[in-house]
Amino acid sequence: MRFSNQSQDYRDEDLNLHTYLVKRPHATQFVFARSNAMEGAGINEGALLIVDHSLKPKNGDIVVAAVQGEFMLRAIRKELRRIVLYATVDQFPEVEMTDMDEVWGVVVAAINQFRT
């Protein structure tokens, strides 16, 4: 079985992931996922996350939040009088944010490495 080399069609184009994934360089940081809490969303432990601090989180966004002094990676759900952070893996309970907690940034992309 042979596979065609379609990459030859794109030889003239250089792919710069920074240009492609970072829309607001002044407000963007790269961090690594330190848990498997968001595996159901396709983010593996160790994934490189591109986090934008300038975005206002919407329902369903994946965020990095500072909760009780600890950073966590979760999806966000805004309800009538509360904000809840939830994982896509059942072993992690939902967390209700307080006035002391804050969303540090919205995850705009994640890069998983499959082979080192």
Side-chain angles (χ1 to χ4, degrees):
M1 178 182 287
R2 288 184 52 113
F3 295 96
S4 65
N5 188 353
Q6 294 178 351
S7 65
Q8 290 177 353
D9 295 339
Y10 302 102
R11 255 202 185 140
D12 294 336
E13 296 180 32
D14 287 334
L15 177 61
N16 181 327
L17 290 178
H18 197 272
T19 302
Y20 179 70
L21 296 173
V22 177
K23 303 300 182 213
R24 295 166 201 81
H26 65 281
T28 301
Q29 285 188 293
F30 294 83
V31 298
F32 289 98
R34 294 191 172 203
S35 80
N36 66 340
M38 297 306 294
E39 275 186 350
I43 300 174
N44 299 333
E45 186 171 0
L48 178 64
L49 307 175
I50 295 91
V51 181
D52 189 327
H53 304 287
S54 69
L55 296 175
K56 183 175 179 179
K58 301 182 298 186
N59 275 334
D61 277 348
I62 298 171
V63 300
V64 176
V67 178
Q68 297 178 1
E70 298 287 326
F71 284 106
M72 64 173 49
L73 177 67
R74 299 289 191 276
I76 193 166
R77 182 175 65 239
K78 296 180 178 184
E79 298 177 350
L80 207 51
R81 289 198 162 95
R82 64 186 201 140
I83 298 173
V84 177
L85 301 174
Y86 63 95
T88 59
V89 176
D90 290 339
Q91 73 190 47
F92 296 92
E94 289 187 347
V95 175
E96 185 173 341
M97 293 186 70
T98 68
D99 292 339
M100 300 299 290
D101 303 324
E102 68 175 318
V103 172
W104 185 70
V106 175
V107 176
V108 295
I111 302 170
N112 293 308
Q113 187 170 353
F114 299 107
R115 185 173 177 180
T116 57

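When reading the values below, keep in mind they use all heavy atoms of this one structure, side chains included, and skip hydrogens, waters and symmetry mates. Quick caveat, the model's predicted, so the values are computed rather than measured.
- With hydrogens and angles ignored, the 3.5 Å screen pairs no side-chain donor or acceptor of N44 with any backbone N or O of N112.
- Take T88 and apply the side chain to side chain donor-acceptor pair (under 3.5 Å) test, not counting sequence neighbours, and it matches no residue.
- For E79, the salt bridge (Lys or Arg N to Asp or Glu O under 4.0 Å) partners two or more places apart in sequence, or in a different chain, are R77, R82.
- Applying the salt bridge (charged side-chain N to carboxylate O under 4.0 Å, His left out) test to pairs two or more places apart or on separate chains, none has a residue in residues 100-116.
- Between M72 and V95 there is a side-chain heavy-atom pair separated by less than 4.5 Å.
- Shown here are the side-chain contact (heavy atoms from CB on, under 4.5 Å) partners of N16, two or more places apart in sequence or in another chain: H18, T19.
- Residue pairs that meet the ring pair (Phe, Tyr, Trp, His ring centres under 6.0 Å) test with at least one member in residues 93-116, sequence neighbours left out, are H53-W104, F71-W104.
- Scored by the salt bridge (Lys or Arg N to Asp or Glu O under 4.0 Å) test, E45 finds no partners at all (sequence neighbours excluded).
- One distance of note links CG of L21 with CZ of F30; it measures 7.0 Å at 0.5 Å rounding.
- Remark: A110 engages I43, L49 in a side-chain contact (heavy atoms from CB on, under 4.5 Å) (not counting sequence neighbours).
- In terms of heavy-atom proximity, R74 sits nearest to Y86 at CB-O, 3.5 Å.
- For R81, there are no side chain to side chain donor-acceptor pair (under 3.5 Å) partners, not counting sequence neighbours.
- For R34, there are no salt bridge (Lys or Arg N to Asp or Glu O under 4.0 Å) partners at least two apart in sequence or on another chain.
- The hydrophobic cluster containing V84, built from Ile/Leu/Val/Met/Phe/Trp/Tyr side-chain heavy atoms closer than 4.5 Å, comprises no other residue.
- With a 6.0 Å radius and a threshold of 12 heavy atoms from other residues, nucleotides or ligands, E70 has its CD atom at or below the threshold.
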Which atom pairs, donor and acceptor, lie under 3.5 Å between side-chain atoms of residues 54-68 and protein residues at least two apart or in another chain?
residue	atom	partner	partner atom	Å
S54	OG	D52	OD1	2.6
N59	OD1	K78	N	2.4
D61	OD2	K58	N	2.8

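- By the 4.5 Å side-chain criterion applied to Ile, Leu, Val, Met, Phe, Trp and Tyr, L80 is assigned to no cluster and stands alone.
- With hydrophobic clusters built from ILVMFWY side chains whose heavy atoms lie under 4.5 angstrom apart, V106 does not share a cluster with M38.
- Annotation for F92 and A87: closest pair CB-CB, 3.5 Å, computed over non-hydrogen atoms.
- From I50, atom CD1 reaches atom OG1 of T28 across 9.0 Å, with rounding to the nearest 0.5 Å.
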